[in-house]
Amino acid sequence: MRIDVLTLFPEMFIALDSSLIGRAREKALFELCCHNIRDYSCDKHKKCDDTPFGGGAGMVMTPQPIHDCIQAVDPQHKAKRIYMSPRGKKLNQDIVVNLSKCDNLLLLCGHYEGVDQRVIDLDIDMEISVGDYVLSGGELPAMTLIDAVLRYVPNVLGNSQSTAEESFSSGLLEYPHYTRPQEFCGLCVPDVLISGNHKNIDKWRREQSLEITRRVRADLLEGK
Ligand code: 4G0
């Protein structure tokens, strides 16, 4: 997979150099290319924003630098082009799995009040939101999307079973996990997990998943 990111703040994406994603990048399991939209501004001061027509607060990102950057990065429109926006479709695990099957993604990160509508109409395939809240830019949402998607790219996670077994793949929340020591601050690991009886362990975990889901996210159980 190749991911191109268009942003005014490419330096923010060093966050993806650590941990699992960083190692996957070193192993060339995917390519991440960040492009500074400002480099494409034809304005003599490299300006990339302006006041909104019709008035109102804030600034809007101008279409020229973004449109030219997209044409330079993805001239053949090979990529699924996504605009990170609070009015986009809410990201969920189904969308994540679907996007992980794309060979090319292009993520546009807006700032201020977002980008000129014409760049969305001309160049963008879909708008995605990571949740119902507003951030100062689309960069953190883009990194969230990248992290979630890459976990489904083959060999990025050490153990290919981990994504299949974990939360949401089953449609339920995860059961509680325990590791050493057996006793910590007076709290013990449930006996069943130390019993070595895997039939009982599986049963306990299924029950725990159901109970936790019912308690905190009953909406996930609808239609089950
Ligand atoms: C577009 C995405 C982009 C419009 C981006 C702001 C939250 C999300 C931005 C605006 C973002 C999200 C209308 C303020 C940049 N904030 N929930 N900020 N407006 O995914």
Side-chain angles (χ1 to χ4, degrees), residues 1 3-16 18-19 21 30 32-41 43 46-74 77 79-102 104-153 167-168 216-217 219-220:
M1 175 178 291
I3 304 175
D4 287 290
V5 177
L6 278 57
T7 168
L8 288 173
F9 301 96
E11 66 279 2
M12 285 181 72
F13 287 79
I14 55 160
L16 297 178
S18 353
S19 189
I21 305 301
F30 74 99
L32 176 66
C33 305
C34 297
H35 309 270
N36 193 336
I37 293 166
R38 197 171 301 284
D39 294 341
Y40 293 83
S41 176
D43 177 80
K46 300 269 170 224
K47 202 171 142 70
C48 291
D49 62 332
D50 212 327
T51 53
F53 278 119
M59 299 292 270
V60 177
M61 285 175 71
T62 56
Q64 176 275 316
I66 298 170
H67 179 73
D68 287 358
C69 185
I70 292 175
Q71 293 316 311
V73 166
D74 181 35
H77 203 152
K80 171 85 94 182
R81 300 171 175 178
I82 300 166
Y83 177 44
M84 307 312 301
S85 151
R87 70 171 191 204
K89 189 169 161 53
K90 185 101 64 78
L91 188 63
N92 61 37
Q93 205 70 4
D94 286 342
I95 300 176
V96 166
V97 171
N98 235 295
L99 292 177
S100 74
K101 295 167 186 160
C102 296
N104 296 77
L105 296 178
L106 182 153
L107 307 181
L108 172 60
C109 306
H111 254 261
Y112 321 112
E113 301 307 307
V115 307
D116 187 299
Q117 182 62 35
R118 290 165 294 184
V119 104
I120 301 172
D121 296 342
L122 279 170
D123 297 319
I124 293 297
D125 298 318
M126 68 189 301
E127 294 183 56
I128 290 183
S129 165
V130 295
D132 291 335
Y133 42 84
V134 177
L135 301 166
S136 58
E139 285 78 13
L140 289 170
M143 286 188 254
T144 299
L145 178 85
I146 291 168
D147 189 291
V149 164
L150 286 177
R151 299 178 67 260
Y152 286 87
V153 169
S167 190
F168 290 114
V216 304
R217 289 295 306 276
D219 58 298
L220 295 176

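FYI, side chains are in, hydrogens and waters are out, and symmetry mates aren't considered; it's all heavy atoms of this structure. Just follow the structure's listing: the first ligand is 1, and inside any ligand the first atom is 1.
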Original post:
Taking N or O atoms only and a 3.5 Å limit, does H111 qualify as a polar contact for ligand 1?
Top reply: no
Original post:
So is there a nitrogen or oxygen of S129 less than 3.5 Å from a nitrogen or oxygen in ligand 1?
Top reply: yes
**OP:** Tell me yes or no: between the side chains of D125 and H77, is some donor less than 3.5 Å from an acceptor?
**Re:** yes
Subject >> Heteroatom proximity flag, V130 to ligand 1, N/O under 3.5 Å >> reply: yes
Original post:
Passes salt bridge (charged side-chain N to carboxylate O under 4.0 Å, His left out), K89 versus E127? Steps please.
Top reply: CA-CA 6 Å; K89 189 169 161 53; E127 294 183 56; over 6 Å; no
Original post:
What protein heavy atom sits nearest atom 16 (N) of ligand 1, and how far off is it?
Top reply: L135 N, 2.9 Å
Original post:
Nearest protein heavy-atom contact for atom 3 (C) of ligand 1: which residue, which atom, what distance?
Top reply: Y83 OH, 3.5 Å
Original post:
If you measure from each non-hydrogen atom of P141 to ligand 1, which part falls under 4.0 Å: side chain, backbone, both or neither?
Top reply: side chain
**OP:** List the closest protein heavy-atom neighbour of atom 9 (C) of ligand 1: residue, atom name, distance to the nearest 0.1 Å.
**Re:** P86 CD, 3.9 Å
**OP:** Within a distance under 4.0 Å of any heavy atom of S85, pick out the atoms of ligand 1 and give their elements.
**Re:** 2 (C)
**OP:** Would you check whether V134 has a nitrogen or oxygen atom less than 3.5 angstrom from a nitrogen or oxygen atom of ligand 1?
**Re:** no
**OP:** Check K47 against P65 and note the closest heavy-atom contact, atom names and distance.
**Re:** O-CG, 4.3 Å
Original post:
Between the side chains of D49 and H111, is a donor N or O closer than 3.5 angstrom to an acceptor N or O?
Top reply: no
Subject >> Per atom 11 (C) of ligand 1, closest listed option by heavy atom (C109, G114, G137) >> reply: G137
Original post:
Can you check whether G131 has an N/O within less than 3.5 Å of an N/O in ligand 1?
Top reply: yes
**OP:** For the pair Y83 (side chain) and V115 (backbone), establish whether a donor and an acceptor sit closer than 3.5 Å, ignoring hydrogens and angles.
**Re:** yes
**OP:** Note the single closest protein heavy atom to atom 19 (N) of ligand 1, along with its residue, its atom name and the distance in Å.
**Re:** E113 O, 3.8 Å
Original post:
Going by atom types alone, do Q71 and Y40 pair a side-chain donor with an acceptor below 3.5 Å?
Top reply: no
**OP:** Please identify which atoms of ligand 1 are closer than 4.0 Å to at least one heavy atom of M84.
**Re:** 2 (C), 3 (C), 5 (C)
Original post:
How close do C69 and H35 get, heavy atom to heavy atom, and via which atoms?
Top reply: SG-CB, 3.9 Å
Subject >> Per-atom contacts of ligand 1 with G110, taking only distances under 4.0 Å to non-hydrogen atoms >> reply: 15 (C)
**OP:** Identify the heavy atoms of I37 and C109 that sit nearest to each other, and give their distance.
**Re:** CD1-O, 4.2 Å
Original post:
Where do G131 and K90 come nearest, in terms of heavy atoms and distance?
Top reply: CA-CD, 3.7 Å
